[in-house]
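Written out below as structure tokens is the structure these notes cover.
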Amino acid sequence: RELSCKEQLQSISMEWMSQICQYVVRDLEKYGICVVDNFMGKERAEAIHRSVVSMYDSGVFVEGETVSSSLETTKKVRSDKITWVDGSESNCTNIAVLISTIDTIIMNAIRMKGNGQLGQRTIGGRTKAMIACYPGSGSHYVKHVDNPNRDGRCITTTYYANKDWDAKTVGGLLRIFPQGWANQVVDIEPILDRMVFFWSDRRNPHEVQPAFRTRYAITVWYFDAKEREEARIRHRECALKKNKANE
Ligand SMILES: Cn1c(O)c(C(=O)NCC(=O)O)c(=O)c2ccccc21
Ligand SMILES: [Mn+2]
């Protein structure tokens, strides 16, 4: 019998899903980095773009975390601004769909591995989505490691929502310096509907090069269950020590 439209869509998305998962598992385990284009499809991507622009215009974004205050007296460029969403906020429906799509990919990638692990990691939970905006005028992010000291985060997933981005004229490249690749760098243009997955630890120092146009990205970090638990215990212990000291 002829498959209904809904069944056809489901079968395409299941097929698509398993393709993407194989790709993510292979590239993460082989290179520690995976780039997927056309992740949500054109119309959903443009809807996400419109959502983040209107959120930015509504003023919910706050100054981002500067990884290290720049000592030299560089001319003051306005730095990144961020806001955290779980997808339930107003105007975030499309972002909720993005988050659940990434969840599905990560969970299925692990299931595919069979041993319930991705790169010898067992994923246990994730952060909310951090929407970041670089207001242009040369704003950038210094070279850093997302998780240098085992805070639990093991996979960084970043989605770009920038229409017609041309890095040759407006910069804004994500440049990753993969450890163990000698002096190779990986330059990734933050183009619309591009999804990047990479290990959050010291294997992937990276920077955001100066952007000369407003640049939007949505990041979700996935936790390694064991490492997250250990970080929580360490955090509790040092909190207890502090209380003892203050007694
Ligand atoms: C704004 N912003 C970031 O852009 C990156 C980051 O690495 N971005 C990579 C990218 O956008 O391509 C971060 O890792 C980050 C960490 C804490 C607070 C803000 C942060
Ligand atoms: Mn980062």
Side-chain angles (χ1 to χ4, degrees), residues 27-28 31-37 39-40 45 48-49 51-53 55-56 59-70 74 76-86 95 98-99 102 126-163 165-168 170-179 185-224 231:
D27 279 20
L28 265 186
Y31 308 112
I33 301 167
C34 176
V35 180
V36 180
D37 281 336
F39 189 66
M40 298 299 284
I48 292 173
H49 170 75
S51 301
V52 296
V53 169
M55 285 174 76
Y56 187 66
V60 294
F61 284 62
V62 294
E63 287 297 314
E65 215 169 311
T66 41
V67 178
S68 60
S69 60
S70 54
T74 46
K76 182 87 191 97
V77 294
R78 282 171 43 237
S79 71
D80 59 286
K81 290 180 175 297
I82 63 173
T83 188
W84 290 89
V85 300
D86 60 17
I95 293 169
L98 169 68
I99 295 171
I102 307 172
R126 59 164 168 79
T127 65
K128 289 165 72 168
M130 179 185 82
I131 308 178
C133 173
Y134 289 80
S137 72
S139 47
H140 59 286
Y141 210 94
V142 293
K143 186 173 173 181
H144 66 283
V145 169
D146 281 354
N147 173 17
N149 306 314
R150 297 180 62 78
D151 65 22
R153 290 178 292 167
C154 74
I155 303 178
T156 303
T157 68
T158 298
Y159 178 81
Y160 297 110
N162 305 299
K163 284 178 75 171
W165 189 275
D166 172 17
K168 280 181 291 306
V170 295
L173 281 179
L174 163 66
R175 171 165 288 182
I176 308 182
F177 305 78
Q179 198 188 45
V185 293
V186 176
D187 283 347
I188 297 168
E189 292 206 37
I191 61 170
L192 189 75
D193 210 16
R194 172 167 286 177
M195 190 78 218
V196 182
F197 302 80
F198 58 88
W199 299 124
S200 311
D201 60 21
R202 293 168 186 263
R203 283 172 281 184
N204 288 315
H206 56 282
E207 66 187 10
V208 176
Q209 299 199 328
F212 294 92
R213 207 185 125 210
T214 311
R215 178 190 189 275
Y216 295 99
I218 302 170
T219 296
V220 178
W221 281 280
Y222 285 82
F223 291 120
D224 167 88

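Order of listing sets the numbers, starting from 1, for every ligand and every atom in it. These numbers were taken from a predicted model, which means no experiment stands behind them.
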Pick one of side chain, backbone, both or neither for how T156 approaches ligand 1, counting any non-hydrogen atom pair under 4.0 Å. neither
Please give me the minimum heavy-atom distance between [X] and [Y], naming the atom from each residue.
X    : Y    : result
I99  : Y222 : O-OH, 4.2 Å
P178 : V186 : CG-CG2, 3.7 Å
M195 : I102 : CE-CD1, 3.5 Å
M40  : D193 : N-OD1, 2.8 Å

Is the closest heavy atom of E207 to ligand 1 under 4.0 Å? no
Are any of the heavy atoms in R215 under 4.0 Å away from ligand 1? yes
Does the structure place the NZ or CZ of K143 under 6.0 Å from the centre of the six-membered ring of F177, at an angle of no more than 45° from the ring's axis? yes
Y134 six-ring face occupied by R215 cation (under 6.0 Å, within 45°): yes
Does any N or O atom in Y141 lie less than 3.5 angstrom from one in ligand 1, N or O only? no
Under 4.0 Å from a heavy atom of [X]: give me the atoms of ligand 1 that qualify, with their elements.
X    : answer
Y134 : 1 (C), 2 (N), 3 (C), 4 (O)
M130 : 2 (N), 15 (C), 18 (C), 19 (C), 20 (C)
D80  : 1 (C), 19 (C)
V208 : 8 (N), 9 (C), 10 (C), 11 (O), 12 (O)
Y160 : 10 (C), 12 (O)
H206 : 7 (O)
A132 : 1 (C)

Centre-to-centre under 6.0 Å for Y141 and H206, is that the case here? no
Does one side chain, of T156 or W221, offer a donor that lies under 3.5 Å from an acceptor on the other? yes
Report yes or no: do S79 and S139 form a side-chain donor-acceptor pair below 3.5 Å? no
For R202, all residues meeting side chain to side chain contact (heavy atoms under 4.5 Å, CB included), sequence neighbours excluded: V145, P148, N149, Q179
Around the Mn ion (ligand 2), list the protein N/O/S atoms within a radius below 2.8 Å, excluding water molecules. H144 NE2, D146 OD1, H206 NE2
Is E63 salt-bridged to K81, going by a charged N under 4.0 Å from an acidic O? yes
